[in-house]
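Just so it is clear: chains get the letters A, B, ... in the order the sequence lines come, proteins before strands, and each one is counted from 1.
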Amino acid sequence: VVLLLSESSCPVAETVRVTRWLASQSSGQCGPCVNGLQALARTVEEIGAGAARADGNQRIERLASLVVRRGACGHPDGAVTFTLSALEAFAAEFADHARHGPCDACASSAELPLPQPARASTSAARAPRTSVPTRRRYAPAR
Amino acid sequence: MSDRLRLNPIACEAHGMCAELLPERITLDEWGYPLLDDEPLPRSLLEHARRAAQACPTFALRLERDGHG
């Protein structure tokens, strides 16, 4: 599927929206997908808002390597591929946002259609594990 | 014949026992999920690998043997 972005849209804002949506669509089964896609979405968001640390792109690369091929299905791999490809295709725009923050088109840009609006970037994340969980998520095999 | 560690990413709940028991081949990512080395295990590590697999509270880690290699 190829969709052309209009002149009035912002490719960075579009990437942020789609990446956040992809993170929200994790089925929550595999840790690297749940945590990795959320972190990826958060980092892309920070870059778009001009709030990322100087090593934002390195962070993306690192997160991508922590996610790819570490889930049971292809969702995390597909999400990472989309994000990396957007970062490469719109490198100049991302660099500009990282330096100067959101552009004029950012707020209104919502061109790529999503089946449902993305939830806030932290809502799908499992709480960080600090102790051994007491509840099993699945029935043990008999 | 070679032995490899296999992880079921759905079952894994980031307890981290495996990395404690087999640090030579398993490190943890920033969320505590194991990063496995896909290379066949040398004989010297087999016993440690077996223990790591047995210690996994969710049976997510397995030691697999394949015939060729």
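- Each of B/Leu45 and B/Leu21 belongs to its own hydrophobic cluster when Ile, Leu, Val, Met, Phe, Trp and Tyr are linked at side-chain heavy-atom distances under 4.5 angstrom.
- Neither the backbone nor the side chain of B/Leu36 comes within less than 4.5 Å of any heavy atom in chain A.
- Closest non-hydrogen pair, B/Pro9 versus A/Gly71, comes out as CG-C, 3.8 Å.
- Under the 4.5 Å side-chain heavy-atom criterion for Ile, Leu, Val, Met, Phe, Trp and Tyr, A/Val12 and A/Leu112 are members of the same hydrophobic cluster.
- Enclosure of atom CG in A/Asp55 by more than 12 non-hydrogen atoms of other residues, nucleotides or ligands within 6.0 angstrom is indicated.
- Going from atom CD1 of B/Ile10 over to atom SG of A/Cys73 covers 8.0 Å, rounded to the nearest 0.5 Å.
- Within 6.0 Å of the CZ atom in B/Arg6, the count of heavy atoms belonging to other residues, nucleotides or ligands exceeds 12.
- Hydrophobic clustering, with ILVMFWY side chains joined whenever heavy atoms are under 4.5 angstrom apart, keeps B/Met17 apart from B/Leu28.
- Looking only at side-chain heavy atoms (C-beta outward), A/Leu63 and B/Glu30 come within less than 4.5 Å of each other.
- In terms of heavy atoms, A/Gly31 sits closest to B/Tyr33 at CA-CZ, 3.2 Å.
- In terms of heavy atoms, A/Ala39 sits closest to B/Trp31 at CB-CZ2, 4.1 Å.
- For the atom pair CG (B/Asn8) and CD (A/Gln29), the distance works out to 10.0 Å, reported to the nearest 0.5 Å.
- Residue A/Gln58 qualifies as open at atom CD: its count of foreign heavy atoms under 6.0 Å is 12 or below.
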